[in-house]
Student: 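Supplied in structure tokens, the structure appears directly below.
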Amino acid sequence: MRLLTLVLFLFSVSPMLAQKYMTRGAEVSFLSDTEAIEVVAAINNQVGAVIDLSNGDLAFQVQMRAFHFKIALMEEHFNENYVESDRFPKATFRGRFVDLLLPNLLTEQELSVKGVMDLHGVQKEMTFPVLVKWEDGSLVGTSSFDLRCSDFNIEIPKIVSDKISNEIQVTVKALLTKL
Amino acid sequence: MLINTLKAQNDLLSLLGDQEVNQEVYGTFKGTKVINGQSVEMPSKAALLFVIEHRFGTINSGAYELWGLDQASMRMSFEYGLKEGLVIGVARNSFQKTYETSLKTRLLRQKEGAGSRVSIATYHAAFVNSMRRIDSESENLFRSRLSYVHQVLIARKFNRTFSLQLTPTLILRNLVPLASMNNNYMAMGVGARYKLSNRVSLNGEYFYQFDRPHENYTNSLSLGFDIETGGHVFQLHLTNSQGMFERAFVGETLGKWSDGAIYFGFNISRVFQ
């Protein structure tokens, strides 16, 4: 009986251990949509992400210096004046799927993720929708949401307020493979 | 409950480890000029920088001259990034109607962590005095109108607020007023900036000249503020030099701070990309 329990326990645990999916090449891009001619937009495709299917936990790690802009001066200003990446080099999101993430389902699932965004030294609880699907044993997730600079103590001076919007549109794309 | 899940997710984060990112130091100075002299900063590839500079008359000239505001000398320049770390420029100065062409190169960039602790650039310029000839006795040779500067710019951003630059300078003149004067001389520049906020910094600059027999010029000392707004940098300053190119402010400064013979001036730069 004891042996049976142990066997059952091992069966239930070992798949969990193997249920972590990870990438170091996820993509996060953002856009500040204003009327201005010079659109403030950047892309970072060195983002780290891990999902633990056993409990639906997930974590993202974004190096701020890895955001690239078309205009070099914008990149410098982004790092020096806005996100202050010398003081806050990384942003993280630590959260959990609110709904159950079904493994091996062939159709796309629309799920909700809840967790804590840590950006510019400010932690904020957030919930946003994520589209998830399975492709050849990999987990593909995409998400779009808005961040407000003012929520994260990122100050936009009046003089550039017509060029940089307080609302930043963020898009996340990740393809995670089994760890 | 929340704290427990955060702890589990921290373990997930630790799986990712620290990722390699670009460690190059940015923003050692706000502008491509500290005040009068060049800084290690330069426009990036395919960026065009337009700089317009003014120096008014001396502040001690009194109310009749509106403390110098009635007069102004100016310099305008275009700097273009041919590629990352290679910049060419042209400029025109009202002082002696001088034209300039210049070349700026980046040799080394300061990095956080392992890597270079300083940024190093070089600056080279040729100056052409285009004033009409007054002395009709002497031969009018084009080469006698030429002078040059060569500089090595060595800068370090010590922390987020403080940057310092050393600027060994060599000035070459094809023609000097008297044979007893040196055609070539060295100078050492020191420039610094201290950030007061994300967009405002306090700057200072000094050039010490070596080997200037029979020439009675003072060393250039300048203090000012940089104010940055998007693609513009505004620099407002007080300086004892009216000239805005190296031969003029390093080697031909006449003003003395002790006499109040100082000039108010500004530089405005705008990047086009």
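So you know, we letter chains A, B, ... as the sequences are listed, proteins then strands, and number each from 1.
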Student: Once rounded to the nearest 0.5 Å, what's the spacing between atom CD of A:Glu76 and atom CD of B:Glu24?
Tutor: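 It is 11.5 Å, given to the nearest 0.5 Å.
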Student: Shorter than 4.5 Å, heavy atoms on both sides: which option in A:Met74, A:Met22, A:Arg87, A:Gln46 has the most such pairs with chain B?
Tutor: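 If we count pairs closer than 4.5 Å to chain B, A:Arg87 comes out on top.
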Student: Do you know which of B:Arg160, B:Glu112, B:Lys45 has the most heavy-atom pairs under 4.5 Å to chain A?
Tutor: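 Looking at each of B:Arg160, B:Glu112, B:Lys45 in turn, B:Arg160 comes out on top.
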Student: Using non-hydrogen atoms and a 4.5 Å limit, figure out which bit of A:Val62 sits close to chain B: side chain, backbone, both or neither.
Tutor: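 Contact with chain B: none, neither part.
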Student: Would one find more than 12 heavy atoms of other residues, nucleotides or ligands at under 6.0 Å from atom OH of B:Tyr194?
Tutor: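 At most 12 heavy atoms, drawn from other residues, nucleotides or ligands, come within 6.0 Å of this atom.
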Student: Mark yes when over 12 heavy atoms from residues, nucleotides or ligands other than B:Phe225 sit less than 6.0 Å from its CZ; otherwise mark no.
Tutor: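 Not more than 12 within 6.0 Å, no.
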Student: Hey, which residues of residues 147-158 of chain A are touching chain B, say heavy atoms under 4.5 Å apart?
Tutor: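 Within residues 147-158 of chain A, the residues under 4.5 Å from chain B are A:Glu155, A:Pro157.
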Student: Decide yes or no on side chain to side chain contact (heavy atoms under 4.5 Å, CB included) for A:Arg94 and B:Leu12, but give the supporting numbers first.
Tutor: CA-CA 9 Å; A:Arg94 290 164 293 171; B:Leu12 285 185; over 6 Å; no
Student: What closest approach, in Å, do A:Ala49 and B:Leu16 show between heavy atoms, and which atom pair accounts for it?
Tutor: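 Closest pair (atom of A:Ala49, atom of B:Leu16, distance): N-CD2, 3.6 Å.
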Student: For each of A:Asn79, A:Thr92, A:Val160, A:Ile164, tally heavy-atom pairs with chain B at distances under 4.5 Å, and name the one with the top tally.
Tutor: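 Among A:Asn79, A:Thr92, A:Val160, A:Ile164, the one with the most close pairs to chain B is A:Asn79.
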Student: What is the distance from atom OG1 of B:Thr229 to atom NZ of A:Lys163, rounded to the nearest 0.5 Å?
Tutor: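 That separation rounds to 7.0 Å.
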Student: Sort by residue number and list every member of residues 74-94 of chain B having a non-hydrogen atom under 4.5 Å from chain A.
Tutor: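 So far as heavy atoms go, nothing in residues 74-94 of chain B approaches chain A to under 4.5 Å.
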Student: Closer than 3.5 angstrom, by distance alone: can the side chain of A:Arg65 be matched with the main-chain N or O of B:Gln23 as a donor-acceptor pair?
Tutor: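 Checked: no pair found.
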Student: Is it the case that atom CG in B:Asn159 sees more than 12 heavy atoms from other parts of the structure closer than 6.0 Å?
Tutor: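 Enclosed.
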Student: Which heavy-atom pair separates B:Tyr26 from A:Asp86 by the least distance, and what is that distance?
Tutor: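 Result for this residue pair: OH-N, 3.7 Å.
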Student: Determine the option with the most heavy-atom pairs under 4.5 angstrom with chain B, choosing from A:Glu75, A:Gln63, A:Glu80.
Tutor: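 Going by pairs under 4.5 Å, I would pick A:Glu80.
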Student: Does B:Lys195 form a salt bridge (Lys or Arg N to Asp or Glu O under 4.0 Å) with A:Glu84? I'd like the steps, not just the answer.
Tutor: CA-CA 14 Å; B:Lys195 255 174 93 171; A:Glu84 301 180 277; over 6 Å; no
Student: By a 4.5 Å heavy-atom criterion (distance strictly below it), what part of A:Lys90 contacts chain B: side chain, backbone, both, or neither?
Tutor: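 Just the side chain, heavy atoms under 4.5 Å.
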Student: I need the A:Leu73 CG to B:Glu228 CD distance, nearest 0.5 Å.
Tutor: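 So the gap between those two atoms works out to 7.0 Å.
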